[in-house]
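Because the structure is predicted, anything quoted here is derived from the model rather than measured.
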Amino acid sequence: MDPLAGQLEHYMDLLSTRQKLVASNIANADTPGYQTQDIDFQSEFENAISGSPNILEVAGLPMKNDGNNVSLDRESRMLAENALRFNVASSLLHSRIASLRAAIKEGQS
């Protein structure tokens, strides 16, 4: 459609990837030695890379005795933040599509 729609699509793809990572982190909260994974969201979006984003281990989280560093509080916050961002991006894309439809209808009359 246009550059804005393409950027919103990429943004939503990144949000989807982050959602999958957060779900994986939660699923592995009791897996010994499992390290929390995430993406450098800002960097990935600014670079607008094609393909899959670079997945990183999250540094600076407290380590449990079994070597696992998943924080359910952090992951729950990430899920809520990600859902909010996805909803905003979805609304923006929906508004953009509605504007294009209105312009097309106006051009046809």
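- Of all heavy-atom pairs spanning Thr17 and Pro53, the tightest one is CG2-CG, 3.7 Å.
- Of the possible polar contacts, none joining the Ser16 side chain to the Met12 backbone as a donor-acceptor pair under 3.5 Å is found.
- Counting heavy atoms from C-beta outward, Asn54 and Glu44 have side chains that approach closer than 4.5 Å.
- Hydrophobic clustering (ILVMFWY, side-chain heavy atoms < 4.5 Å, transitive): Leu15 and Met78 are in distinct clusters.
- Here salt bridge (Lys or Arg N to Asp or Glu O under 4.0 Å) pairs that include residues 55-72, with residues two or more places apart or in two chains, number zero.
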Start with the C-alpha distance between Asp38 and Arg74, add both sets of side-chain angles, then the distance that settles side chain to side chain contact (heavy atoms under 4.5 Å, CB included), and finish with yes or no. CA-CA 11 Å; Asp38 201 354; Arg74 176 192 182 274; 3.1 Å; yes

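- Considering OG of Ser71 and CZ of Arg77, their distance stands at 8.5 Å, rounded to 0.5 Å.
- Within the structure, salt bridge (Lys or Arg N to Asp or Glu O under 4.0 Å) pairs that include any residue of residues 84-93 comprise Glu81-Arg85 (at least two apart or interchain).
- Val88 and Phe86 fall within a single hydrophobic cluster, where Ile, Leu, Val, Met, Phe, Trp and Tyr are joined by side-chain heavy atoms under 4.5 Å apart, directly or via other members.
- Counting all heavy atoms, side chain and backbone alike, Asn69 lies closest to Val58 at ND2-O, 3.6 Å.
- Nearest heavy atom pair, residue Ile39 against residue Leu14, reads CD1-O, 3.8 Å.
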Using the side chain to side chain contact (heavy atoms under 4.5 Å, CB included) rule, take Glu9 and Asp13 through it: C-alpha gap first, then chi angles, then the decisive distance, then the call. CA-CA 6 Å; Glu9 181 181 359; Asp13 287 344; 4.2 Å; yes

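- Contact of the Arg101 side chain with the Ile97 side chain is registered, since non-hydrogen atoms from C-beta on lie closer than 4.5 Å.
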Show the atom names and distances, to 0.1 Å, of all donor-acceptor pairs under 3.5 Å that link a side chain in residues 21-30 to residues at least two apart or in another chain.
residue	atom	partner	partner atom	Å
Ser24	OG	Tyr34	OH	3.4
Asn25	OD1	Tyr34	OH	2.9
Asn25	OD1	Gln37	N	3.1
Asn25	ND2	Leu21	O	3.4
Asn25	ND2	Gln37	O	2.8
Asn25	ND2	Glu75	OE1	3.2
Asn28	OD1	Thr31	OG1	3.0
Asn28	ND2	Ser24	O	2.8

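- Every residue two or more places apart in sequence or in another chain that forms a side-chain hydrogen bond (donor to acceptor under 3.5 Å, both in side chains) with Asn82 is listed here: Gln19.
- To the nearest 0.5 Å, atoms CG (Asp40) and CD1 (Ile55) are separated by 12.5 Å.
- Leu56 forms part of no hydrophobic cluster, judged by ILVMFWY side-chain heavy-atom separations under 4.5 Å.
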